[in-house]
Amino acid sequence: MARRLSTCVRESDTVSRHGGDEFLVLLSEVDQPEDAGLIAEKIVSSIAEPHHVAGHELRLTASVGIALYPEDGQDAQSLIMRADTAMYHAKNTGRNKVGFYRSDMEAPATKRSSIESELRSALDAGEFELFYQPTIDLETGQIRGAEALMRWRHPERGLIPPDQFIPAAEASALIIPMGRWALREACRQARAWQDAGLPPIPIAVNVSALQFRTAGFLEDIQRFLLETHLPARFLELELTESALMVDTAATTSLLEVLKKSGVVLKVDDFGTGPSSLSYLQHCPVDVLKIDQSFVHHILPAPGGAPLVRAVIAMGKSLGCRVVAEGVETKQQFAYLRAEHCDEGQGFHFSPPVNAETFEQLLRMAPFALPAIE
Ligand code: G
Ligand code: G
Ligand code: MN
């Protein structure tokens with residue numbers, strides 16, 4: 001894509017990737033606005049030419065928004081913002097895929113703030129819920145723990161899964177109060193189940209990188225544990241590799257303090273992020289969760305999943321417990337069990353369910369074990 005774009009502009013122009021699937025083109029010598037329009041048209045038709053990738057023919061479309069200096073903005077930031085606005089407008093009107101900025105276009109910032117304010121009022125109105133998915137001891141078939149997963153019970157749209165609101169929450173920093181709510185609610189629920197005489201199990205809460213880096217995170221956790229009288233070992237934190245692999249004094253000491261307090265630290269989606277093995281060796285994590293993409297590749301054939309086997313071995317030699325995510329079939333269960341993976345989580349056992357249903361799972365007999373040939 002970068003090469004395509006570069007061929008449409010002059011040597012003196014600048015092409016850059018802005019993030020995701022967005023590119024910025026800076027045309028430094030434009031005599032009249034129409035020239036920018038012509039180049040944008042050229043870009044759109046160049047991108048529309050088929051792309052050949054790994055033997056496949058791919059066809060793409062693009063939308064271009066144009067902002068002009070100096071009338072649309074005096075600095076880079078406002079020019080980019082207005083080009084962005086024009087781009088969204090071009091995309092939404094769909095007819096002409098190139099559009100110039102006009103002051104009567106609605107800014108994307110205002111659009112974004114509407115989901116933000118929706119999330120904010122949902123939080124105040126108590127519309128978030130935690131669902132729970134069990135992790136199973138692969139040796140015994142018993143429930144060893146649960147992962148808390150947020151759901152939004154929208155008054156009109158029904159139950160909304162996290163992939164539809166967590167990204168917006170992260171972009172707007174609302175993930176911080178939402179994550180704080182999830183932590184407290186998980187502690188409360190863990191305690192309530194114990195008080196009801198159910199087998200005591202730890203509950204794992206997903207913590208976003210931003211929340212983890214926010215001042216007061218540790219104090220919040222300590223307060224929630226105290227308030228709910230929950231021993232720290234029943235609270236687990238799931239952090240992604242990108243949140244953990246920041247080798248700064250602050251991160252390291254926070255992890256050390258959490259670990260010392262008894263809270264269990266888990267690496268989520270292990271194998272998909274920027275893990276440094278030498279850092280991992282010193283990082284005080286207790287559990288590796290093998291990402292489901294690796295687990296899905298377990299084949300019924302022998303020797304099926306070298307990466308899964310290697311991660312289990314590595315986890316063990318680091319002294320970590322290993323959990324396989326996304327276990328969907330009996331074959332996967334049997335393979336993981338034979339490889340002595342400690343725990344499994346996935347649709348084969350149970351999808352994430354509401355608290356009431358989870359309570360029934362806790363009262364049930366252990367999950368049936370696969371036969372070992
Ligand atoms: O539950 P699945 O059902 O769709 O969850 C999708 C994603 O949303 C997961 O990657 C999970 O990490 C994330 N997620 C779910 N609940 C929370 C939460 O309480 N906090 C954060 N930060 N992420 C969550
Ligand atoms: O990123 P994280 O691991 O926190 O996300 C857990 C996500 O995985 C949730 O969206 C949950 O609904 C989903 N999930 C749980 N078990 C399975 C499974 O067996 N198969 C698939 N495809 N997804 C699963
Ligand atoms: Mn998780």
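Position 1 is the first residue of the sequence; numbering continues from there. Whatever order the structure lists ligands and atoms in, that order sets their numbers, starting from 1.
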Checklist line | A182 neighbourhood, listing ligand 1 atoms whose heavy-atom distance to it stays under 4.0 Å | finding: 19 (O)
Notebook entry, point to check: Below 4.0 angstrom, N of the basic side chain to O of the carboxylate: do R157 and E118 qualify?
Noted result: yes
Check: Going by the angle between their ring planes, with limits at 30° and 60°, are F349 and F367 parallel, tilted or perpendicular?
Finding: perpendicular
Note to self: If you consider just the N/O/S atoms, which atom of E238 is the closest one to the Mn ion (ligand 3)?
What the structure shows: OE1
Note to self: Restricting to N, O or S, what is the name of the atom of D268 that lies nearest the Mn ion (ligand 3)?
What the structure shows: OD2
Checklist line | Option among R144, Q133, E325 that satisfies the side-chain hydrogen bond (donor to acceptor under 3.5 Å, both in side chains) test with Q345 | finding: Q133
Item checked: Test: E359 and R363 ion pair at under 4.0 Å -> yes
Check: Is there side-chain contact between W152 and I166, with heavy atoms separated by less than 4.5 Å?
Finding: no
Item checked: Numbering as shown, the atoms of ligand 1 that approach M150 to under 4.0 Å (heavy-atom distance) -> 15 (C), 16 (N), 18 (C), 19 (O)
Next item on the list: Could you tell me whether K289 and E147 make a salt bridge, using a distance below 4.0 angstrom between a side-chain N and a carboxylate O?
Entry: yes
So what's ligand 2 close to, N/O to N/O, under 3.5 Å?
residue, atom, partner, partner atom, Å
ligand 2, 1 (O), D269, OD1, 3.1
ligand 2, 1 (O), D269, OD2, 3.4
ligand 2, 3 (O), D268, OD1, 3.2
ligand 2, 3 (O), D269, OD1, 3.2
ligand 2, 3 (O), E325, OE2, 2.4
ligand 2, 4 (O), E147, OE2, 3.0
ligand 2, 4 (O), N206, OD1, 3.3
ligand 2, 4 (O), D268, OD2, 3.1
ligand 2, 8 (O), Q292, OE1, 3.3
ligand 2, 16 (N), Q133, NE2, 3.0
ligand 2, 19 (O), F347, N, 2.7
ligand 2, 20 (N), E328, OE2, 2.5
ligand 2, 22 (N), E328, OE2, 2.9
ligand 2, 23 (N), Q292, OE1, 3.3
ligand 2, 23 (N), Q292, NE2, 3.4

Notebook entry, point to check: Salt bridge between K259 and E256, side-chain N to carboxylate O under 4.0 Å?
Noted result: no
Check: Do D220 and R184 sit within salt-bridge range, that is, some charged N less than 4.0 Å from a carboxylate O?
Finding: no
Notebook entry, point to check: So which N/O/S atom does E147 have closest to the Mn ion (ligand 3)?
Noted result: OE2
